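These notes concern the structure reproduced below.
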Amino acid sequence: MYNAVKIEKKWQNIWEKSGAYKVKDKISGRDNFYHLVMFPYPSGNLHMGHWYNYAPADVYARLKKMQGFNVLSPIGFDAFGLPAENAAIKNKIHPRAWTNKNIATMKKQFKSIGAVYDWSREIITADPEYYKWTQWMFLKMYEAGLAYKKKSLANWCPEDQAVLANEQVVNGRCWRHPDTPVIQKEVDQWMFKITDCADDLIKDLDGLDWPERTKLMQKNWIGKSEGAIIQFAIHDSQFIIPVFTTRPDTLFGATYMVLSPEHPLVEEITTKEQKKAVRRYVADTRLKSELERMSAEKEKTGVFTGACAANPINGKEAPIWISDYVLMNYGTGAIMAVPAHDERDFEFAKKFDIPVVKVIDEKDRLIDSGEFTGMAVSEAKEKITAWLKKKNLGDFSIQYKLRDWIISRQRYWGAPIPIVYCDRCGAVPAPEKDLPIKLPPLKNFQPVGGGKSPLARAASFVNTKCPKCRGKAVRETDTMDTFVDSSWYFLRYTDSKNKKRFASDNKLNSWLPVDMYVGGAEHAVLHLLYARFFVKVLKKLGYVTFNEPFKALRHQGIILGSDGQKMSKSRGNVADPDDLVGKYGADAIRMYLCFMGEYSQGGPWSPTGVLGITRFLERIYNKFFTLRVTTRKVANSNKELTKLLHRTIKKVGEDIENFRFNTAVSALMILFNEMERKDISKNNAETFLKLLAPFAPHFSEELWAILGNKKSIHLESWPKYKSTLLEEGDYELIIQINGKTRDKIKVSKNMGRLELEKLALSREIVKKYVDNQTAKKIIVVPNRLINIVL
RNA sequence: GGGCGCGUGGCGGAACUGGAAUACGCGUACGCUUCAGGAGCGUAUGGACGAAAGUCAUUGAGGGUUCGACUCCCUCCGCGCCCACCA
């Protein structure tokens, strides 16, 4: 009997003591390979989802190691964030204490996975030695003009009492509180100018080995649109309102304009008669949450301002309306409305009786458009914009949906923004030598009213001297979004103890960019976008030499409960990894997670499915155990088995490489079933164990030792297959008649076409079906089948 | 509403480039073993008809291309994810 729990402990201790997984930055004769998994938030416990990310990813890392790479597979904790602070308020425990307690628990759980993590490089983003460099990054952004403070309408989560980045708003609600609608609030916020990199962020996606779906999501999120800015002059006033459009070709059909209710010129242009109605509409809009505004999708609303503008191309009068279907934070906050060729404008025009003028025909050519009539849409776009440009009435323009990244958070448990406000000098960055600006001790973590961080309570922290004039000054009390911490953590692993720099050039260059990154798809437009932005900035500033952080990326799917529903305590369908490891051992869990289905697909956890794996391992153990006394056979005499072995070596290696862990496990099962049936030589058993080693590291190590090996199996290299042994000399020829299989026969590979035809036609069964008819056609697929068409 | 993806036995899922559909595992049934419970081992099973050899059907539904379609094309149905008035 194989006692998984006991034996796994044993090997984990041995590996830890011997420093088996400590990674050197350079080993001669080996190429470096940076394998990264997304580090977890220390929420308290490792759940199945974590295991599903980390265990199969470790199988991959172990394969790479055996293939001869010097593999770095680090781990750490994304330790800043709100749950710690909320726990602090609820349980009167310091966020740091709560976080450290969770990290301690999770570390223990992590070690039970049996992964190749190099714990000596562990990082915790809440450590001052780490966030010192997060702050340093902020300063560099600031110096480069990429960090700026701006008063603007921002997404505000009433539950968290803090602002949210656009990426953190899900369906108009807070990403952490799916029941809390986000409201718009005017606040003074620090931002990162991610929009500066919008173009590169799209362009460089091309060279990445990432899931296409993820690349597409980033592309759509950045949302590049090419079009024109067109100037509309307001009648009887000096105001000119620019609009952005992707359809300058439809300009002759622009029969009215719409401003966003938040547009700064609304108040200015509204006529006396319309003032009351407009003001009421603006006030109503402001009161609406983002969610309500979105759900008003069905019925368009709006108010006439009383003002009119001139259509720059034909001088026709365009009445100016306001409506909440025009968003202030896209384009110019104003549109030219072309009801004939835009669904939303059409809806609005219909409701308010505004004329609809058709200017494009069914063949996508312009009609009733002056000198442009008859032109194709694509040509007209170009020509009309050029015409406007010449008359100073417009220009070509590119707009993005991507907004700058608001990084201020009005909370305690994060890296303080290293800025000081002085009455005389204004906002002054903290000098580098003062870093880290440490979080002060605090007792009360309740948010301070008025959108201020609890840090505002810490007088000793707030009151300071101006770095410039040494006069009285106060510190910024907001902390940074935790996504800032995780935007560069993969750089720190390479040199986690460096006190002088976030990482030395040498170490950065020997590891980065990351060769393989494995983690959840939910970060497609959050972490993965931010990290790319950071690397692009660091590259521009000369701190790194690469412009993309993650060369290759793979996502794991989502593990569901055995009922096919999302795992949740209330449903009672949660599979707890600790329980399972205590029962079946980590190897069985690792292997079952690999086996249960396609990695990117995820799927339901099956409690009986694991039993299939433990049975498999038991059978191997029982059969291999007895080999320890037999003498080593040099080669296996069974030719077919040898061929299968070599085919399996190839398949398992390739499957792991392609993240097809499920078929790799099944190939191992097929091979073992054959070995059991035919002959288990010690030689083949050892090769088999090497193939099994990435999946079941403890189990294979144990048997490897039992078979008399002194060194760890994980130092062995991946078996090589002989390509001459892959192909069968003979194969089963499938004989089809009218596409239906009627017979099969073993034939030699080098039989020619005519020979095969003759052979097939001479078969009794075939004769019966053919029955004196002549074959219309005979199709021969080499090495596979022959199809006789009657 | 838009974009992307998916649909294969009782279940999780295989199937290379269009070439024997259901590999591998779970489950189920029977047998052996066991004081018993379980576990283990062996055999069978994959839909229908048949005692069996076998025959026919079959990859959400319908159609098409092809000697041949889970795979490619069209229509429809269902499910999932992402985005959501982006001018």
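Not measured: the values here are computed from a predicted model.
B:G9 shows a glycosidic angle within 90° of 0 and is accordingly assigned syn.
Rounded to whole Å, the C1' atom of B:G63 lies 26 Å from the corresponding atom of B:G9. B:C77 and B:U22: their P atoms are spaced 32 Å apart (whole Å). To the nearest whole angstrom, the two C1' atoms, one in B:U45 and one in B:G37, are 27 Å apart. Here, B:A84 and B:G47 have their P atoms 47 Å apart, quoted to the whole Å. With P as the reference atom, B:G27 and B:C85 are 49 Å apart, rounded to whole Å. Distance check on atom C1': B:A29 versus B:G18 gives 38 Å, rounded to whole Å. Taking atom P in both B:G60 and B:A21, one finds a spacing of 16 Å when rounded to whole Å. A gap of 16 Å separates the P atoms of B:C81 and B:G13, to the nearest Å.
A:Arg247 has its CZ atom 20 Å from the P atom of B:C85, to the nearest Å. Following rounding to the nearest Å, A:Met328 (CE) and B:C85 (P) show an atom-to-atom distance of 16 Å. Atom CZ of A:Arg213 is separated from atom C1' of B:C6 by 11 Å (rounded to the nearest Å). The nearest whole Å value for the distance from the CG atom in A:Leu560 to the P atom in B:G80 is 12 Å. The nearest whole Å value for the distance from the CH2 atom in A:Trp221 to the C1' atom in B:G2 is 15 Å. Atoms NZ (A:Lys215) and P (B:C83) sit 20 Å apart, rounded to a whole Å. Atom C1' of nucleotide B:C85 and atom CG of A:Asn220 are separated by 16 Å, given to the nearest angstrom. Separating the NZ atom of A:Lys401 from the P atom of B:A84 is a distance of 8 Å, rounded to the nearest angstrom.
When only modelled atom types and interatomic distance are considered, A:Asn673 and A:Arg619 share a side-chain donor-acceptor pair under 3.5 Å. In summary, the side chains of A:Tyr281 and A:Thr301 do present a donor paired with an acceptor at a separation below 3.5 Å, with no hydrogens or angles considered.
Toward the 5' end of RNA chain B, the nearer of the two residues A:Lys777 and A:Leu216, judged by each one's closest nucleotide, is A:Leu216.
With a cut-off of 3.5 Å on both Watson-Crick or G-U wobble distances, the partner of B:G5 is given as B:C79. Nucleotide B:U59: unpaired (no Watson-Crick or G-U wobble partner with both distances less than 3.5 Å). Pair check for B:A84 finds none; no Watson-Crick or G-U wobble contact set falls under 3.5 Å. Across the strands present, B:U17 finds no partner; the criterion is a Watson-Crick or G-U wobble pair with both atom distances under 3.5 angstrom. Pairing partner, B:A36: none, since no Watson-Crick or wobble contact has both distances short of 3.5 Å. Across all strands shown, B:U65 forms no Watson-Crick or G-U wobble pair with both key distances under 3.5 Å. Nucleotide B:G42: paired with B:C30 (Watson-Crick or G-U wobble, both distances less than 3.5 Å). If you check B:A51 for Watson-Crick or wobble pairing at under 3.5 angstrom, you find it has no partner at all.
Using a 4.5 Å heavy-atom cutoff, the side chains of A:Pro264 and A:Met328 are in contact.
Here A:Arg660 lies in heavy-atom contact (under 4.0 Å) with sugar-phosphate atoms only.
Relative to the side chain of A:Glu598, the nucleotides B:A87, B:A14, B:G13 differ in distance, and B:A14 lies closest.
Taking the six-membered ring where tryptophan is involved, the planes of A:Phe659 and A:Tyr599 are tilted, since the angle between them lies from 30° to 60°. Ring orientation note: the planes of A:Phe688 and A:Phe616 are nearly perpendicular, at an angle over 60° on the 30°/60° scale.
Summarising the local packing, CD1 of A:Ile558 is surrounded by 12 or fewer heavy atoms from other residues, nucleotides or ligands at distances under 6.0 Å. No more than 12 heavy atoms of other residues, nucleotides or ligands sit less than 6.0 Å from atom NZ of A:Lys758.
Note that A:Lys300 lies in the cation-pi zone of A:Tyr325, set by a 6.0 Å cut-off to the ring centre and a 45° limit from the axis.
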Dump every N/O contact between nucleotides 19-27 of chain B and the protein below 3.5 Å, one line per pair.
from, atom 1, to, atom 2, distance (Å)
B:G19, O2', A:Arg784, NE, 3.3
B:A20, N6, A:Glu732, OE1, 2.8
B:A20, N1, A:Lys744, NZ, 2.7
B:G25, OP1, A:Asn673, ND2, 3.4
B:C26, OP1, A:Arg615, NH1, 2.6
B:C26, O2', A:Thr608, OG1, 2.7
B:G27, OP2, A:Arg615, NH1, 3.4

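In summary, of the residues considered (A:Ile322, A:Val326, A:Ile335), a side-chain contact (heavy atoms from CB on, under 4.5 Å) with A:Leu259 occurs for A:Ile322 alone.
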